[in-house]
Amino acid sequence: MPSFRLQLSSLMLPFIVLQATAVIAKPQYGYKGDVSPEKWGQLSPAYQKCVDGAEQAPVNIVTSNVQKKSLPVPLKPDYPATSGDVVVNTGTTIQVNTSGGLKIGNQAYKLLQYHFHTPSEEAINGVHFKMNVHLVHQNAAGKLAVIGVNFKEGAKNAYLDSFWSKLPRTKGAKVELNLPSLSGILPVNLDYFTYAGSLTTPPCSEGVQFYILKDPVSMSAEQLSNFQKLYPMNARPLQPLNERVIKSSN
């Protein structure tokens, strides 16, 4: 993850350090074998939240149980075309370090990075999509807001097509690119489900607000295959909802 000048909260410090060092050191976690999700808590004392956290992500969104109301917090993304974005193979995913903005109500956030999971980490009524992308934002107080966009198999995704052939193939490899507006990866309808969660990778720190868009976007079978050749599966299993309430934007 790139350097940031804004003051970071203590919640984010382990995350920033982990992401910054992932490209130069062996990943401290993974999705199978001795570093699989059920063993994350054994890898480091810093990962204890992965085991005993009460508001962990991802979750299954059961639409019949969500609290349906008109939330006064519309999502207002501002994602201009960018130059000098860094596409990194972290050893556990493909991550794009980039810039942009987001307003949720009157709260302003900066876009830090986005990264991909297959299958989708969140499920809707028990069903996972082929892949999803998490767009990670942070406000001036250090709070995180993550927009999740799901992909279904269908037509080729034009935004992904702008850099998918250039994905770095090995851990630690990266490429610098100029990319079109990230708005091209969003569905037209920005209605969402929202819940309080955590980082979905170690250290699994909590205090992350998720906004999972209801409408998926498409990607081709070839695009999905190109990613899965690198990472056949890199999604954390679903976590207990416990006492949390999932809300719907309408």
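Below, each value reflects all heavy atoms present in this structure, side chains not excepted, and no hydrogens, waters or symmetry copies. Only a predicted model underlies this, so the values are computations on that prediction, with no experimental measurement involved.
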Quick one: pull up [atom1] in [X] and [atom2] in [Y] and give me the separation to the nearest 0.5 Å.
X: L213; Y: T194; atom1: CG; atom2: OG1; result: 10.5 Å
X: L144; Y: L199; atom1: CG; atom2: CG; result: 6.5 Å
X: L224; Y: M219; atom1: CG; atom2: CE; result: 5.0 Å

Quick one: does [X]'s side chain get under 4.5 Å of [Y]'s, heavy atoms only?
X: E55; Y: Y195; answer: no
X: K247; Y: Q67; answer: yes
X: V66; Y: I61; answer: yes
X: L135; Y: Y109; answer: no
X: L102; Y: I147; answer: yes

Is it true that the side chains of [X] and [Y] contain a donor and an acceptor less than 3.5 Å apart?
X: S220; Y: E222; result: no
X: Q228; Y: T118; result: yes
X: K214; Y: S249; result: no

Please report the shortest heavy-atom distance between [X] and [Y], naming the atom on each side.
X: G100; Y: P80; value: CA-CD, 4.4 Å
X: P237; Y: P58; value: O-CD, 3.5 Å
X: P37; Y: G30; value: CD-O, 3.6 Å
X: V217; Y: L186; value: CG1-C, 4.0 Å
X: V87; Y: L167; value: CG1-CD2, 4.4 Å
X: L179; Y: S162; value: CD2-OG, 4.0 Å

For the side chain of [X] and the backbone of [Y], is there at least one donor-acceptor N/O pair under 3.5 Å apart?
X: Y231; Y: G91; value: yes
X: R236; Y: A57; value: yes
X: H137; Y: A145; value: yes
X: N242; Y: A54; value: yes
X: W164; Y: Q223; value: yes
X: H115; Y: Q113; value: no
X: R244; Y: Q56; value: yes
X: N178; Y: G84; value: yes
X: W40; Y: Q48; value: no
X: N89; Y: P168; value: yes

### Query
Excluding sequence neighbours, so at least two apart, what forms side-chain hydrogen bond (donor to acceptor under 3.5 Å, both in side chains) with T200?
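By the side-chain hydrogen bond (donor to acceptor under 3.5 Å, both in side chains) rule, T200 matches E121.
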According to a 4.5 Å side-chain heavy-atom criterion applied to Ile, Leu, Val, Met, Phe, Trp and Tyr, with indirect links allowed, do [X] and [Y] form part of one hydrophobic cluster?
X: V35; Y: M233; result: yes
X: V175; Y: Y114; result: yes
X: L241; Y: L238; result: no

Solution key, residues 149-158 side-chain donor-acceptor pairs under 3.5 Å, sequence neighbours excluded:
unit_1	atom_1	unit_2	atom_2	d
N157	OD1	Y159	N	3.1
N157	OD1	L160	N	2.9
N157	ND2	S218	O	2.9

### Query
Would one find more than 12 heavy atoms of other residues, nucleotides or ligands at under 6.0 Å from atom CG of D34?
no
### Message
Applying the side-chain contact (heavy atoms from CB on, under 4.5 Å) criterion to Y47, which one of P203, C204, S205 satisfies it?
### Response
P203
### Query
Would you call D78-K103 a salt bridge at under 4.0 Å N-O?
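No, this pair does not count.
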#### Entry: E122 and its side-chain hydrogen bond (donor to acceptor under 3.5 Å, both in side chains) partner, picked from H128, H117, H134
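The side-chain hydrogen bond (donor to acceptor under 3.5 Å, both in side chains) with E122 is passed solely by H134 among H128, H117, H134.
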### Task
Go through the steps to decide whether N125 and T63 satisfy the test side-chain hydrogen bond (donor to acceptor under 3.5 Å, both in side chains), and finish with yes or no.
CA-CA 7 Å; N125 297 322; T63 56; 3.1 Å; yes
### Task
Could you check whether the rings of Y31 and Y29 sit parallel, tilted or perpendicular, using 30° and 60° as the cut-offs?
perpendicular
